[in-house]
Amino acid sequence: MPVRQLPETLVNRIAAGEVVERPASVVKELAENALDAGARRIEIATDGGGRRLIRVTDDGAGMTRADLELAVERHATSKLDGDDLLQIDTLGFRGEALPSIGSVARLNIVTRHASEPHAWAIAVDGGAKSEVKPAALSEGTRVEVKDLFYATPARLKFLKSDRSEAEAVREVVRRLAMSRPEVAFTLTSDERTVTWPAALPGAPGRLARLADILGADFRANAVEVHAERDGVVVEGFAGLPTHSRANSLGQYLFVNGRPVRDKLLIGVIRGAYADYLSRDRHPVLALFVTLPPREVDVNVHPAKTEVRFRDSTLVRSLLILSLKEALAREGQRAATTGGSATIASFRPAALPRRGAFDWRRSPSRPLAPRGAVAAWAAPEPGLAEAAQAVFDVGAAAATARVEVAEPAPDLLDRPLGAARAQVHDTYIVAQTRDGLVIVDQHAAHERLVYERMKESIEQKGIARQILLIPEIVELDPADTERLLSRADELQRFGLVIEPFGPGAIAVRETPSMLGEIDAIALARDLAEHAAEWDEALPLERRLMHVAATMACYGSVRAGRRLKPEEMNALLREMEATPNSGQCNHGRPTYVELKLTDIERLFGRR
């Protein structure tokens, strides 16, 4: 087959295949053009998920007649100052968006520059350009895209439902709105209209915009992140570990104002939260990285969603440092949604009708023995079933131990208050000046032990205690070999193991700070997790996982009765220990209920 020059129309459609993947891609390109034009207000309207209509209107600088005529030509751009591709100060620079869109759809542009007496309009229909004509528009630019992919019907088959495409458009606009809180955005789709007004400058304005998009819960559970080194600035807001999700869709990353999905940055975030979250939980955050344009390559992907850093080590270390400092600073906080969820789990109990008597509600009803369930002890409607299951560890009436002594006034002013009772030998109920706090004694002590182990490792190492009689643990041969290969790592944490014949190990020493523990169960648990410790996982991450597992076995177990002084001592240590707001797995260690919320339950407010 001979070599031939492709016609311009076909070249534009090939380019459109790289730039215009779906309606959301068109919205992204047009909205970025508006931002580069200095717009302070952007209105976006779609129909049919963007398949039938996309309209983007802005109040930016607009274009002159000559600029408009040139804007629909390939590789024509106003966003490059000279020929230096390393100095990219704008969101778009390829000069392919408008001609690519016009080659597969019906494109109409109306624009007015301040130097022109009136607006100008041009149309591109399947690659065919019209003459530039006078038009009416007060300011800025209005771009309409109709019948997307009508010129390439094969591409229509790859589009999803209108609802799915509309959601993709909303996600694109959300990301752009996060990156530019000083710009007002309005998005009108088939179902609704969403408006994000312009926010105040600085961190408060950015948090307000993030709260508008991510919800009020994020505002209440976000900590500010800020760090700077060698011209690289990392700022934004990160959610508390207890305010996490089951997927990473709540992670928003921006580089020089450009929304990106960078694997390096996502991996850094996972590493920064490794000390707080289990592997199946993901934080919610929005981070903004600013650095000189020459230090980042934005020309990696046609859609400009990936970047490459000149000094990736600097960016990685600064991100981890900023996140760890922010989380350590607010580590004693637990998510506010815990108290809200607790309040929401209560439902008013249905009172018996007048004249009827329900003996099950009588104070003199018979009590079931501990661990037994009487025939009449059916679940009552006072708690939602999902929440009640958490506390369903025995008969409710006989497992609350109340401390009747008047609490010291100074303890009521402490963040976690004064211990007043222990419920189900698992939960400590403490009173504060304006509410009460419920503490999970096992989760709280687990975090305390974990932090002490980390501190001991950094200072002088973990002291070990020799077992009088070694514990023999029988394991699968593969688990035995895997665990013995990590013997040196385990010894750093005070756990000394040796081979004991085929398929068995002997536990000789254990960490002294853990006291008396179930060494056999601990060894088996470590053997199960050792399969996940591949060589690609950093040594520090593997060691912290060992420490977290040991802390779980060495902490106060659920079901252990505590004296009042022990409960108060646990609360005071929580207040003095970093990261005590969540356990090693990202679950909250306590839930706080304000008195106003409790009064609202009983109709007092």
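Keep in mind that the numbers below use all heavy atoms, side chains included, and drop hydrogens, waters and symmetry copies.
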List in chain and number order the residues that pass side chain to side chain contact (heavy atoms under 4.5 Å, CB included) with E325, two or more places apart in sequence or in another chain; answer none if no residue qualifies. L321

Any residue meeting ring-ring contact (aromatic ring centres under 6.0 Å, His included) with Y252, in chain and number order, not counting sequence neighbours: none

Min side-chain heavy-atom separation [X]-[Y] under 4.5 Å:
X: T432; Y: L595; answer: no
X: L319; Y: R316; answer: no
X: L30; Y: D58; answer: no
X: E32; Y: L176; answer: yes
X: R229; Y: S317; answer: yes
X: E43; Y: T188; answer: no
X: F237; Y: V223; answer: no
X: H445; Y: V449; answer: yes

When you measure from the side chain of [X] to the backbone N and O of [Y], does any donor-acceptor pair fall under 3.5 Å?
X: R329; Y: E224; answer: yes
X: T589; Y: S580; answer: yes
X: E573; Y: L448; answer: no
X: R561; Y: D425; answer: no
X: S512; Y: A463; answer: yes
X: N247; Y: H282; answer: no
X: R447; Y: Q582; answer: yes

Should the ring pair F288 and F254 be called parallel, tilted or perpendicular, given that the plane angle runs from 0 to 90° and is split at 30 and 60? parallel

Under the side chain to side chain contact (heavy atoms under 4.5 Å, CB included) rule, what do T596 and R604 come out as? Steps first, then yes or no, please. CA-CA 9 Å; T596 54; R604 290 178 175 268; over 6 Å; no

Would you give the length of the straight line joining atom [atom1] of [X] to atom [atom2] of [Y], rounded to the nearest 0.5 angstrom?
X: I269; Y: L287; atom1: CD1; atom2: CG; answer: 5.5 Å
X: R281; Y: R245; atom1: CZ; atom2: CZ; answer: 10.0 Å
X: L285; Y: Y273; atom1: CG; atom2: OH; answer: 5.0 Å
X: S179; Y: L253; atom1: OG; atom2: CG; answer: 12.5 Å
X: T186; Y: I42; atom1: OG1; atom2: CD1; answer: 10.0 Å
X: N568; Y: R420; atom1: CG; atom2: CZ; answer: 10.0 Å

Minimum-distance pair of heavy atoms, taken over all atoms of [X] and [Y]:
X: T242; Y: R587; answer: CG2-C, 3.8 Å
X: L323; Y: A238; answer: CD2-CB, 3.8 Å
X: A419; Y: L571; answer: N-CD1, 3.8 Å
X: L318; Y: V232; answer: CD2-O, 3.3 Å

Could you check whether R40 pairs with D59 (Lys NZ or Arg NE/NH1/NH2 to Asp/Glu carboxylate O, under 4.0 Å)?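 Result for this pair is no, no salt bridge flagged.
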
Would E575 and R572 pass as an ion pair if we require N to O under 4.0 Å?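 Between R572 and E575 there is a salt bridge, with a charged N closer than 4.0 Å to a carboxylate O.
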
Please list, one pair per line, the donor and acceptor atoms closer than 3.5 Å that link side chains of residues 196-207 to other protein atoms, with sequence neighbours excluded.
none

Salt bridge (Lys or Arg N to Asp or Glu O under 4.0 Å) with E599: which residues, sequence neighbours excluded?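 E599 satisfies salt bridge (Lys or Arg N to Asp or Glu O under 4.0 Å) with R605 once adjacent residues are dropped.
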
Counterpart residues, salt bridge (Lys or Arg N to Asp or Glu O under 4.0 Å), relative to R524 (two or more places apart): none

Is it true that atom CZ of R192 has more than 12 heavy atoms of other residues, nucleotides or ligands lying nearer than 6.0 Å? no

If you count heavy atoms of other groups shown closer than 6.0 angstrom to CZ of R261, is the number above 12?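 Check fails, neighbour count at 12 or below.
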
Checking salt bridge (Lys or Arg N to Asp or Glu O under 4.0 Å) between E165 and each of K160, R170, R22, which is the one that passes?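 So the option named by the test is R22.
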
Sequence neighbours excluded, every pair satisfying salt bridge (Lys or Arg N to Asp or Glu O under 4.0 Å) that has a member inside residues 173-185: E167-R174, E171-R174, E171-R175, R180-E182

